[in-house]
Amino acid sequence: MVAALDKSVGQDGVMSPPSTPQMWMDYLSSKLASRSGRYKRFGEYYDGKHQKMLFAQSKFRTEFAHVFERWNDNFCGLVIDSVNERMFIDGFRLSKEPTEDELAREIWQRNRMDSESNSAHLDAMIQGAAYAIVWGQELSDPRVAGGVGRDKDAGPGKKVKAVISVESAEHVVVQYRPGSRHEIEAAAKFYVDDWGRQFCTLWLADSVHVGNWKIGGYVIDGPARRNPLGVVPVVPIQNRARLVGEPMSDLATVIPLQDAINKTVADSLVASEYAAWPQRYVTGLEIQEDENGNPIEPFKVAVDKLLQAEDPAATFGQFEAANLSNYVDLVDMLTMHMASVARVPFHYMLKGGQPPSGDAITSAEAGLVSKVKERMLHFGEAWERVIKIAIAVENGGQLQEEYEAAEVIWRDPENRTEAQHIDALLKLQQLNVPKQQLWQDAGYTPSQIARFDQLLEEEAQTEMERADKYQTAAQKQELELAKQGADDKSVMTQAKAKKDAEKPPQGNSGNANRQRFEK
């Protein structure tokens, strides 16, 4: 692998870019290896498997190894999970269409992306980036080929379905084109199967190459496959990417504080072992020794024992126990600093007392909600790219023009009481906000909203059938006119006049008219 890199160095000492698939594989393999240590470290801090008693003296590590073997006081998981649990994708929408796009939803659900996207967000915030790979699986049409399965060559009756896989930054690496922060020139995936065999896949704009591990590095050993998409089908899902440098992990600024908390808590546990209870002493007492010259313990201290000495010069006393509250105060201060840096609400780390409620909790979570919305902005761009490529796969490699404007439908990240939320929506209804928008703001998914329209139509049809069954002849006539869309006021006036003429006259004048009519 080193030799392959040396070949790409020009006479002026400047390394030239890779020019062959094998050189690309070697370069990307070394690039991933240089980052694997950092990714592993961030993952261990999230899992709480980072080094324990990092700052303790060697004798304490030896004596208290059994105490700290399973001890874990980790806040890194809380920093990540508090954001990730508020991010959920409900679907995709075209800018020209007010509702969810059905094709995008079908691709999303088929690839189990409700859960897979959650895992991608998790790893992206932990390690700084995750990746989505989009490719096509050729399926036989059962009406033509007689079955469904993987085929080698496309032919009559073949369908191509988009397949989306979410990958860790520990396995996938990309290289951008010079001068671009978005266009990918090459990407590779390196992985190990359950039998310890190591494989690799390289994607270029026009071809795909596969290989495995040989002595000295990865070697491409299969024929090149054509890339019908014309672009590298690997999409980075980056966490707060800066204009310069690598995307940052949310744990980068939290780990130093976590180390300080670990040290303080470890010190308090050691102090509790040595100085957490009063130490007793006695002076003026002759020290007895055994036959080997070792001092003999003069007293067996217990709750029901009384200490006494025959020597009148002997005196007893005790040292005060260590005050462990100083450690508690320091840990509280460090957790509050961590909450400020990570924009985690303070009541998430509340040590006691009454948690906030109502407007107070809304104000306390404002920073966290803003942080979630910022992550949605970055992750949303990546998922829009994923869906565009997936639709292009099912469209024979050609991206439909209307899907260039696709956008992600995110679920509302704010946590509010149901009463407050519905009350706010009712006030918006008075401003003539469309019911479709109100349903969406209420937290219903696009699929649920589509069912609402269908259910309302069925209810209206049922009401019409029930009214038709029990209505009078005049009501049926009015309903028939309404169904025909009659807008002739004269027809409605004649029907109303006929109806009024059939009514018996009312009052004294009506009685007189009736008697005259009967004569």
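In this chain, residues are counted from 1 in sequence order.
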> Using a 4.5 Å cut-off on heavy atoms from C-beta on, say whether the side chain of Met113 contacts that of Ile89.
no
> Closest approach of Ile184 and Pro236, non-hydrogen atoms and distance?
CD1-CD, 3.6 Å
> Take atom CZ of Arg225 as the centre, draw a 6.0 Å sphere, and report whether it contains more than 12 heavy atoms from other residues, nucleotides or ligands.
no
> As a quick check of understanding, evaluate side-chain contact (heavy atoms from CB on, under 4.5 Å) for Val83 and Lys371, giving each step before the final call.
CA-CA 8 Å; Val83 178; Lys371 180 180 179 180; 3.8 Å; yes
> Keeping the roles fixed (side chain from Ser29, backbone from Met25), state whether a donor-acceptor pair exists under 3.5 Å.
no
> So, does Lys189 use its side chain to make a donor-acceptor pair with the main chain of Phe199 at under 3.5 Å?
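Judged by distance alone, no pair lies under 3.5 Å.
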> Rounded to the nearest 0.5 Å, how far apart are CD1 of Ile387 and CG of Leu103?
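Reported value, rounded in 0.5 Å steps: 8.0 Å.
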> Ignoring hydrogens and geometry, is there a side-chain-to-backbone donor-acceptor pair from Asn111 to Ile107 under 3.5 Å?
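At least one qualifying donor-acceptor pair exists.
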> Is there a donor-acceptor pair under 3.5 Å between the side chain of Ser168 and the backbone N or O of His171?
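Absent.
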> Around atom NZ of Lys40, are there more than 12 heavy atoms from other residues, nucleotides or ligands closer than 6.0 Å?
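Atom NZ in Lys40 is not packed in, count stays at 12 or less.
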> Taking the side chain as everything from C-beta on, heavy atoms only, tell me whether Met338 gets closer than 4.5 Å to Ile261.
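With C-beta onward as the side chain, the pair touches.
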> Apply side-chain contact (heavy atoms from CB on, under 4.5 Å) to residues Met248 and Arg240 and explain how you reach the verdict.
CA-CA 6 Å; Met248 295 179 57; Arg240 293 191 67 191; 5.6 Å; no
> Between Trp410 and Trp383, does the ring centre distance come in under 6.0 Å?
no
> If you define the side chain from C-beta out and look only at heavy atoms, does anything of His209 sit under 4.5 Å from Gln22?
no
> Should Val408 and Phe92 count as side-chain neighbours, where that means a heavy-atom distance under 4.5 Å?
yes
> For residues Val369 and Pro413, report the shortest heavy-atom separation together with the two atoms involved.
CG1-CG, 4.3 Å
> Rounded at 0.5 Å granularity, tell me how far CD1 in Ile133 sits from CD1 in Ile164.
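Those atoms lie 11.5 Å apart.
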> Taking all non-hydrogen atoms of both residues, which atom of Leu28 and which atom of Ala188 are closest, and how far apart?
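Looking at all heavy atoms of both residues, the shortest contact is CD1-CB, 3.6 Å.
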> Please name the pair of heavy atoms, one in Ala129 and one in Pro247, separated by the smallest distance, quoted to 0.1 Å.
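Between these two residues, the closest heavy atoms are CB-CG, 4.2 Å.
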> Using only heavy-atom distances, determine whether the side chains of Asp81 and Tyr46 contain a donor-acceptor pair under 3.5 Å.
yes
> Do Val232 and Val174 have side-chain heavy atoms sitting under 4.5 Å apart?
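Counting from C-beta outward, Val232 and Val174 never come under 4.5 Å.
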> Please indicate whether Arg110 has more than 12 foreign heavy atoms, meaning atoms of other residues, nucleotides or ligands, lying under 6.0 Å from its CZ.
yes
> Start with the C-alpha gap between Phe88 and Asp114, add the side-chain angles, then the distance that decides, and say whether side-chain contact (heavy atoms from CB on, under 4.5 Å) holds.
CA-CA 8 Å; Phe88 190 84; Asp114 283 342; 4.1 Å; yes
> Which class fits the ring pair Tyr218 and Phe190: parallel under 30°, tilted 30 to 60°, perpendicular over 60°?
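Tilted, since the angle between the ring planes falls between 30° and 60°.
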> Any chance you could measure Arg93, atom CZ, to Ile409, atom CD1, to the nearest 0.5 Å?
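It comes to 4.5 Å.
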> Mind checking whether His121 and Phe379 have parallel, tilted or perpendicular rings, split at 30° and 60°?
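His121 and Phe379: parallel rings.
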> Within the 4.5 Å heavy-atom criterion, are Met87 and Val372 side-chain neighbours or not?
yes
> Do His182 and Glu381 come close enough that some side-chain heavy atom pair is under 4.5 Å?
no
> Would a distance-only check, ignoring hydrogens and angles, find a side-chain to backbone donor-acceptor pair under 3.5 Å from Arg105 to Asp90?
yes
> Could you tell me whether Glu374 and Arg343 make a salt bridge, using a distance below 4.0 angstrom between a side-chain N and a carboxylate O?
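Arg343 and Glu374: salt-bridged.
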> List the steps and the verdict of side-chain contact (heavy atoms from CB on, under 4.5 Å) for Leu204 and Asn227.
CA-CA 8 Å; Leu204 300 174; Asn227 182 358; over 6 Å; no
> I want to check something: taking the side chain as every heavy atom from C-beta on, are Pro178 and Glu185 in contact at a cut-off of under 4.5 Å?
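Of all side-chain heavy-atom pairs linking Glu185 with Pro178, at least one is under 4.5 Å.
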> Any chance the side chains of Tyr27 and Gln175 put a donor and an acceptor closer than 3.5 Å?
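On atom types as modelled, these side chains qualify, holding a pair under 3.5 Å.
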> Tell me the closest heavy-atom pair linking Ala124 and Asn239, and the distance in Å.
O-CB, 3.2 Å
> Taking Ser249 for its side chain and Ile126 for its backbone only, find out whether a donor-acceptor pair lies under 3.5 Å.
yes
> To the closest 0.5 Å, what do you measure between CZ (Phe75) and CD1 (Ile80)?
14.5 Å
> First locate atom CD of Glu167, then atom OG of Ser119, and finally report the distance between them rounded to the nearest 0.5 Å.
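Interatomic distance, Glu167 CD to Ser119 OG, rounded to 0.5 Å: 11.5 Å.
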> Determine whether a donor-acceptor pair (N or O, by modelled atom type, separation under 3.5 Å) exists between the side chain of Gln127 and the backbone of Gly43.
no
> Can you see whether Asp259 engages Tyr45 through a side-chain donor-acceptor pair at a distance of less than 3.5 angstrom?
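Yes - a donor-acceptor pair under 3.5 Å links their side chains.
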> Is the side chain of Glu116 donor-acceptor paired with the backbone N or O of Ser165 at a distance under 3.5 Å, no angle test?
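No; judged by distance alone, with no hydrogens or angles, the pair does not exist.
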> Drop me the distance from Glu44's CD to Asn74's CG, to the nearest 0.5 angstrom.
11.5 Å
> Which heavy atom in Ala169 sits nearest to a heavy atom in Leu32, and how many Å separate them?
O-CD1, 3.3 Å
> Please check if atom CD in Glu85 has more than 12 non-hydrogen atoms from other residues, nucleotides or ligands closer than 6.0 Å.
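More than 12 heavy atoms, drawn from other residues, nucleotides or ligands, come within 6.0 Å of this atom.
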